[in-house]
Amino acid sequence: MNVPSEIIVIGGGIIGLSLAVELKLRGATVTVLSRDIKEAAAYAGAGMIAPQAERIPPSPMLDLCLYSRGMYEEWTRKLEGITGLETGYWSCGILAPVYEDSETDSNEDAEWFDRATIHQFQPGLGENIMGGWWYPRDAQVDNRRALIQCLRVAAEDLGVDFQEGVSVEEIQQKGDRAIALKTNRGTIQGTHYILATGAWSGQLLPISVYPRKGQMLSVRVPSSFPKLPLKQVLFGDNIYIVPRRDGLIVIGATVEDVEFAPEITPQGINQLLANAIRLYPALKDFPLQDFWWGYRPATPDEFPILGASPLENLTLATGHYRNGILLAPVTATLIADWVLTGQSNPLLTHFHWDRFLAES
Ligand code: GLY
């Protein structure tokens, strides 16, 4: 395989930026085309690094997620070292309370707490909580306020050409190769292209990726509290509550198949608040800070699309659905290996774009 001399990453979200940093650190010349960094799913998410709390069943997807979780601390330290900026990585663990006491096993990375234990471990939970799982190795990162900026600065400090405000309208093709990108700023050419445009990926190539909207909100611990009441993420039924170390609390998220619908709805916010207050009643008095939404890049099996594409000089890194923040380090590493050396980690075979062809 010829090493591509000029790599163009289409998409300036967490996947595009993570890849750009990794490729640049390995000596490639990299351009990132970003339409609007604030549209990125990583700008909207809560920053959970949560393969266990998300209950991903044993599968290549779980293997990929656990591999990435294992890389996270060192990866964020590396980015902080390059930039001098924080990422907000916090190995806080995730507590998953339940309303029905049904599960009692445990394994080395998960502990079952009965009713008395969970209420002692996390005071203030709703009275109907009957027990729950404790996942000490799940974690969080401050994606919205820290990681995404840290990645962008790292990319620029390393010499990546990051171009904001560039909208790719068409991938021009000749035979089985991409030859140029038609953009709002003219035609741009590289030797290799990487598609990392998240929920918008299906607009540029016929691959099965579509938006699944999530509405979010935040509150703040009142200044009258002597100390932070939450020191780990709470992951409940259709709700998660993610406390940051400075007292901000991020609450998410709805899961809506409404295409691109750029608005907050009373029903969405009502659902979030009702579920959050049921799980942790003291929240009802915490001052509201902000509301926002984002679009998860969903695929039919909810697994990402990684690696080769129908075009020989275009690589896919998209469709991360609920796990883009978690999967950023492993995606950057495995896709950089593939693009620069042609070596495909065996895990990538499970995430090939053509797995959906038989269904269509
Ligand atoms: N990662 C959580 C969510 O997508 O809502």
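Because the structure is a prediction, the values reported are computed rather than measured. When a ligand or atom number is given, it counts from 1 through the structure's own listing order. All residue numbers in this chain count up from 1 along the given sequence. We use all heavy atoms of the structure for the numbers below, so side chains are in, but hydrogens, waters and symmetry mates are not.
- Using a 3.5 Å distance cut-off with no hydrogens or angles, the side chains of T265 and Q215 do pair a donor with an acceptor.
- Looking at D301 and T299, their side chains do bring a donor and an acceptor atom within 3.5 Å of each other.
- What sits closest to atom 1 (N) of ligand 1 on the protein, heavy atoms only, is R322 O, 2.7 Å.
- Of the heavy atoms in Y240, only side-chain atoms (C-beta onward) come closer than 4.0 Å to ligand 1.
- Close approach of ligand 1 to E54 is summarised as follows: ligand atoms under 4.0 Å from at least one heavy atom of the residue are 1 (N), 2 (C).
- In the vicinity of R296, heavy-atom distances shorter than 4.0 Å reach the ligand 1 atoms 3 (C), 4 (O), 5 (O).
- Each of R55, R322, R212 was evaluated against E302; a single residue qualifies, R212, per the salt bridge (Lys or Arg N to Asp or Glu O under 4.0 Å) test.
- Around atom NZ of K231, more than 12 heavy atoms belonging to other residues, nucleotides or ligands sit under 6.0 Å away.
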